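One structure is given below, encoded as structure tokens.
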Amino acid sequence: MARGRFITFEGGEGCGKSTQVRRLAAQLQAAGIDVVLTREPGGTRLAELVRGLLKDEREDPPCDRSELLLFLAARAQLVRNVIRPALAAGKWVLSDRFSDSTFAYQGYGRGLPLDTIRLANDFACDGLKPDMTLLLEVDAATAARRMRGREAATATAADRIEQAGDDFHARLREGFRALAAAEPDRIRRIDASGTPDDVEGRIWTLLKPLI
Ligand code: Z5A
């Protein structure tokens with residue numbers, strides 16, 4: 001059986017990737033493709049427990065190094081128990097965030113050394129890399145407007161990582177751009193401005209030839 005494809009979605013908060021990953025899953029399923037949809041951190045019982053610690057632990061918040069290791073522990077579990085088996089069964093796996101987020105947030109954002117992250121991440125993933133990564137990009141003002149809209153609609157507050165300051169978010173946007181420049185064949189930059197339908201159309205134009 002042919003191995004499935006592994007597609008990841010990346011970008012800063014409010015870029016709209018969670019919306020688009022669900023839309024792409026629906027389109028692929030309508031085209032007869034077996035799809036597994038997951039997210040990071042999360043996607044297994046253990047990884048969802050780790051997600052709660054990473055996003056909301058305020059009393060004893062993870063220091064930068066434990067934050068990195070917790071993201072990687074969650075990833076190792078997801079890769080071994082969900083992603084690899086699905087790919088081996090010929091399914092397509094769509095993940096809302098994966099390794100590039102670690103380089104952008106913990107590397108460019110928190111300032112941890114990229115070489116160390118690379119080694120530790122390869123160990124966690126056992127060498128697995130996405131076949132294609134869609135990097136959704138919007139300007140900071142649009143992203144902030146979308147996040148405010150969602151917080152108002154769902155009556156939720158910003159989590160621990162979302163509360164990092166503007167400088168942090170500027171550094172991680174720069175990080176994503178650097179990652180895309182280093183691997184332009186894998187990481188495809190998507191203009192995520194406009195309506196959800198506009199963005200979905202741009203993504204489908206890119207993905208359709210792979211089917
Ligand atoms: N993180 C990390 O530090 N290191 C790592 O290795 C990994 C992750 C894997 C996970 O948080 C956090 O972990 C994340 C990175 C860090 N931190 N932060 N901050 P999460 O999973 O809770 O959240 P997220 O990944 O940042 O994404 P999100 O909050 O789900 O947002 P989104 O995916 O960008 O957008 P959305 O939910 O699709 O849209 C946001 C709102 O905008 C919503 O109300 C939509 O209806 C609306 N929207 C979406 N698209 C549009 C368009 N086109 N027009 C208008 N409005 C739109």
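None of these values were measured; they are calculated from a predicted model. Both counts, for ligands and for their atoms, begin at 1 and track the order of listing.
Of all protein heavy atoms, the one closest to atom 21 (O) of ligand 1 is Arg51 NH2, 3.0 Å. Thr19 OG1, 3.9 Å is the protein heavy atom nearest to atom 45 (C) of ligand 1. At the shortest separation from atom 16 (C) of ligand 1 among protein heavy atoms lies Phe71 CZ, 3.8 Å. Of all protein heavy atoms, the one lying nearest to atom 30 (O) of ligand 1 is Ser18 OG, 2.8 Å. The protein heavy-atom contact nearest to atom 12 (C) of ligand 1 is Ile161 CD1, 4.3 Å. When only non-hydrogen protein atoms are considered, atom 10 (C) of ligand 1 lies nearest to Pro41 CD, 4.0 Å. Ranking the protein heavy atoms by distance from atom 6 (O) of ligand 1 puts Thr102 OG1, 2.6 Å first.
For Asp100 and Arg186, the salt-bridge test passes: some basic side-chain N is under 4.0 Å from an acidic carboxylate O. Using a 4.0 Å cut-off between charged nitrogen and carboxylate oxygen, Arg75 and Asp126 do not count as a salt-bridge pair. Between Lys17 and Glu137, no side-chain nitrogen of the basic residue sits less than 4.0 Å from a carboxylate oxygen of the acidic one, so the salt-bridge criterion is not met.
Side-chain contact of Ser101 with Glu10: a donor-acceptor pair under 3.5 Å is present, judged by distance alone. Side-chain contact, Thr133 with Thr8: a donor N or O sits under 3.5 Å from an acceptor N or O. Side-chain contact check for Tyr105 and Arg171: no donor-acceptor pair (N or O, by modelled atom type) lies under 3.5 Å. A donor-acceptor pair shorter than 3.5 Å can be found between the side chains of Asn121 and Ser99.
Among Phe103, Tyr105, Phe98, Phe168, the residue whose heavy atom lies nearest to atom 15 (C) of ligand 1 is Tyr105. Among Gln106, Gln20, Arg110, Glu10, the residue whose heavy atom lies nearest to atom 4 (N) of ligand 1 is Gln106. Residue Gly194 holds the heavy atom nearest to atom 54 (N) of ligand 1 of all those in Gly194, Gly16, Ala143. Closest heavy-atom approach to atom 26 (O) of ligand 1 within the set Lys17, Arg97, Arg75, Glu40: this belongs to Arg97. Here atom 11 (O) of ligand 1 lies nearest to Lys55 when heavy atoms of Glu13, Met147, Arg39, Lys55 are compared. Between the choices Arg150, Glu151, Arg146, the shortest heavy-atom distance to atom 42 (O) of ligand 1 belongs to Arg146.
Arg173 places none of its side-chain heavy atoms less than 4.5 Å from the side chain of Tyr108.
Near Cys15, meaning under 4.0 Å from one of its heavy atoms, ligand 1 places the atoms 34 (O). For ligand 1, the atoms closer than 4.0 angstrom to any heavy atom of Thr195 are 53 (N).
Ring pair Phe98/Phe6 is perpendicular by interplanar angle, where above 60° counts as perpendicular and below 30° as parallel.
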Review item, side-chain donor-acceptor pairs of residues 22-29, under 3.5 Å, at least two apart:
residue, atom, partner, partner atom, Å
Arg22, NH1, Ser18, O, 3.4
Arg23, NH1, Asp197, OD1, 2.8
Arg23, NH1, Glu200, OE1, 2.5
Gln27, NE2, Glu200, OE2, 3.4

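Under 4.0 Å from ligand 1, not a single heavy atom of Asp198 appears.
At least one heavy atom of Pro196 sits under 4.0 Å from some atom of ligand 1.
In this view, Arg188 satisfies the salt bridge (Lys or Arg N to Asp or Glu O under 4.0 Å) rule with no residue, not counting sequence neighbours.
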